[in-house]
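Beneath this line is the structure, given in structure tokens, with notes to follow.
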Amino acid sequence: MKSTVEKLSPTRVRINVEVPFTELEPEIDKAFKQLAKQIRLPGFRPGKAPRKLLEARVGRGAVLEQVVNDALPGRYSEAVTAESLQPIGQPEIEITKLEDNEELVFTAEVDIRPEIDLPDLATLKITVDPISVSDEDVATELENLQKRFGTLTGVERAAEDGDFVSIDLSATVDGEDVPEANTEGLSHELGSGQLIEGLDEAITGLKEDESRVFTTTLVAGDHAGQEAQVTVTVKSIKVRELPELDDDFAQLASEFDTIEELRNSLSEQVARTKRVQQAEQIRDKAIEELLEQVEVPLPEKVVQAQVDDTLHNAIHGIDHDESKFEDALKEQGSSREEFDADNRTNAEKAIKTQLLMDAIADKLDVQVGQNDLTERLVLMSRQYGLEPQQLLQMLQQNNQLPAMFADVRRGLTVAAVVHGATVVDTDGNEIDTTEFFGPAGEQAEAAEDADVAEAEDAADAADEAVSAEDAEAEDDTEDDDAADTK
């Protein structure tokens, strides 16, 4: 088999492949053996019919079509390996020549990972917000805990902001009842704004068993986007009574004996939450800094595939109804044009980030260990509420393990980049990144090693160039051989 590559763009190539028919003989034999098992010919046992008789029965063309279909994936993979390409999409294959007993010629156009000029990672500086835990932060956490242990008590008065009400709802559109909008005994915190627009205003001031009709726009169901007349009836009104913030409450709500110990614990929790947020900011800033410094060519077909996939997921839940989708966007204060623009921007940034992280991972020789994969699998299984083994089987069945592996490797790459960078807050304090990015190990040190290796390679290349020039001066007849060898 012979293959050549044409570079169509920094991210796309055309592979030209020529396969002599002698190399297809194994596939041809396999095709005839399968036919012999499927076709019964008089006088021959199953699987024993001669090749010529089978060919006469089904036709040579049908056999060749099957052979070519079976051969193309393997020959394409061989060409990709031979040419040291890194495809990142599905190939577009076209058979350009098929001559029986001579050769098969086909082309494959495919997007590939582009070559990216990476900066000196050791010079990267990341600046993030400092961590500060205020009294208000702790008070908010304490109030939330206090609410969890509050009790609801019925009151005989009009509903007010902050009350907990039980309500019945019904709706009509153009005088016709909307069954899916009807509900009874629905619990709702007045002022939370968690249900339909205008509901809180309609309930405020109502007493038990009183009703009010208001107009709103439905956001779900068959009448999504349409104006409806909604009737709300208050069935009960309750207020939440909070316990006193004292030592008794600390003992009730925690393992601590005093309210002061509980406050200190909550302060530590807030600090840890902010450290997590700071780690996320460090990760995002590292990627942003690199994207600003590096030019990453984008494979358009890969970008478009992600854009299309995001759109498909967005409208799948509304039966791919474009008009309903646009109405829903309007309700959110957006438009289809804004959605499409944001969708493309996000897709381009995501793919740029993936390509950049993969290039850095190659430079740093980032390796994914079994423990890394296990940790990710356990984390994902908790998120989906599945057993790790069950999730593993699902990933295998849907061929998603390579994507998980790539994602884990990119995460390790970000950690290695962070370890090699200077990370400070806006006050100038250096930040210890080991808590969330792990201790600096071989992968973190690989950045310096890679830069040193690059410098050594450059020096070696310069020496070789000088040697080549010397050899050329000494003996012109060995010019080509000397250049090739060196």
Side-chain angles (χ1 to χ4, degrees), residues 3-17 73 76-94 106-124 283-310 341 343-368 402-418 420-421 443 446-447 449-451 453-455 457-458 461:
S3 62
T4 58
V5 175
E6 300 176 59
K7 196 166 187 178
L8 305 178
S9 75
T11 62
R12 194 164 179 84
V13 296
R14 179 187 293 119
I15 311 171
N16 304 292
V17 183
Y76 164 74
S77 297
E78 286 182 32
V80 166
T81 302
E83 301 295 339
S84 301
L85 299 174
Q86 294 179 302
I88 53 175
Q90 294 299 318
E92 296 178 0
I93 295 178
E94 179 184 359
F106 68 90
T107 64
E109 287 193 18
V110 67
D111 289 315
I112 60 170
R113 276 175 49 185
E115 295 180 2
I116 300 175
D117 293 328
L118 297 175
D120 182 358
L121 299 176
T123 64
L124 187 66
R283 178 200 62 202
D284 294 343
K285 282 291 185 72
I287 294 173
E288 289 174 8
E289 289 288 338
L290 287 170
L291 288 175
E292 288 179 4
Q293 297 181 29
V294 178
E295 183 68 28
V296 182
L298 278 172
E300 176 54 33
K301 288 185 179 294
V302 176
V303 172
Q304 189 60 49
Q306 182 154 328
V307 167
D308 294 342
D309 187 56
T310 300
N343 186 15
R344 174 159 287 274
T345 298
N346 294 336
E348 289 179 350
K349 182 178 180 181
I351 292 168
K352 277 185 179 180
T353 302
Q354 291 173 4
L355 293 173
L356 177 59
M357 289 299 104
D358 289 343
I360 295 174
D362 289 346
K363 178 180 180 179
L364 303 185
D365 191 24
V366 175
Q367 302 295 322
V368 178
M404 187 185 81
F405 180 92
D407 192 47
V408 170
R409 189 171 189 244
R410 290 165 187 149
L412 294 173
T413 302
V414 173
V417 169
V418 168
Q443 291 176 353
D449 295 342
D451 291 333
E454 273 188 350
D457 290 344

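Atoms considered below: every heavy atom in the structure, side chains included; atoms not considered: hydrogens, waters and symmetry mates.
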When rounded to the nearest 0.5 Å, the distance separating CG of Leu355 from CG of Leu298 is 7.0 Å
Charged N to carboxylate O under 4.0 angstrom, Glu348 versus Lys352?
no
Of all heavy-atom pairs linking Leu118 and Ala359, the shortest is CD1-O, 3.8 Å
Quick one: does Leu124's side chain get under 4.5 Å of Gln293's, heavy atoms only?
yes
Does atom CD of Gln90 have more than 12 heavy-atom neighbours, drawn from other residues, nucleotides or ligands, at distances under 6.0 Å?
no
Please determine whether a side-chain nitrogen of the Lys or Arg among Glu94 and Arg14 lies less than 4.0 Å from a carboxylate oxygen of the Asp or Glu.
no
Cut-off 3.5 Å, no hydrogens considered: what does the side-chain donor-acceptor table look like for residues 78-88, sequence neighbours left out?
residue, atom, partner, partner atom, Å
Thr81, OG1, Ser77, O, 3.0
Glu83, OE2, Ser3, OG, 2.9

From Arg409 CZ over to Asp358 CG, what is the distance, rounded to the nearest 0.5 angstrom?
6.5 Å
Could you check whether any side-chain heavy atom of Val307 comes within less than 4.5 Å of a side-chain heavy atom of Asn346, counting everything from C-beta outward?
no
Please give me the minimum heavy-atom distance between Asp120 and Thr123, naming the atom from each residue.
O-OG1, 2.7 Å
Non-hydrogen atoms of Phe106 and Tyr76 that approach each other most closely
CZ-N, 4.1 Å
Nearest 0.5 Å please: distance from the CD1 atom of Ile360 over to the CG atom of Leu412.
13.0 Å
Between Lys363 and Pro119 the two heavy atoms that sit nearest each other are NZ-O, 3.7 Å
What's the spacing between Glu109 CD and Ile93 CD1 if we round to 0.5 Å?
11.0 Å
Here the pair of heavy atoms bringing Thr11 nearest to Pro299 is OG1-CA, 3.5 Å
Using 0.5 Å steps for rounding, measure from the CZ atom of Arg113 to the CG atom of Leu356.
10.5 Å
By salt bridge (Lys or Arg N to Asp or Glu O under 4.0 Å), which residues pair with Arg283, not counting sequence neighbours?
none
Hey, is Lys301 close enough to Asp308 for a salt bridge, meaning N to O under 4.0 Å?
no
Indicate yes or no: at least one non-hydrogen side-chain atom of Val302 is less than 4.5 angstrom from one of Gln354.
no
What closest approach, in Å, do Thr413 and Met357 show between heavy atoms, and which atom pair accounts for it?
CG2-O, 3.6 Å
Leu291 side chain near Thr353 side chain, heavy-atom distance below 4.5 Å:
yes
Validation row: Asp117, Val294 side chains within 4.5 angstrom (heavy atoms)
no
Hey, are the side chains of Leu290 and Leu121 touching, using non-hydrogen atoms and a 4.5 Å cut-off?
yes
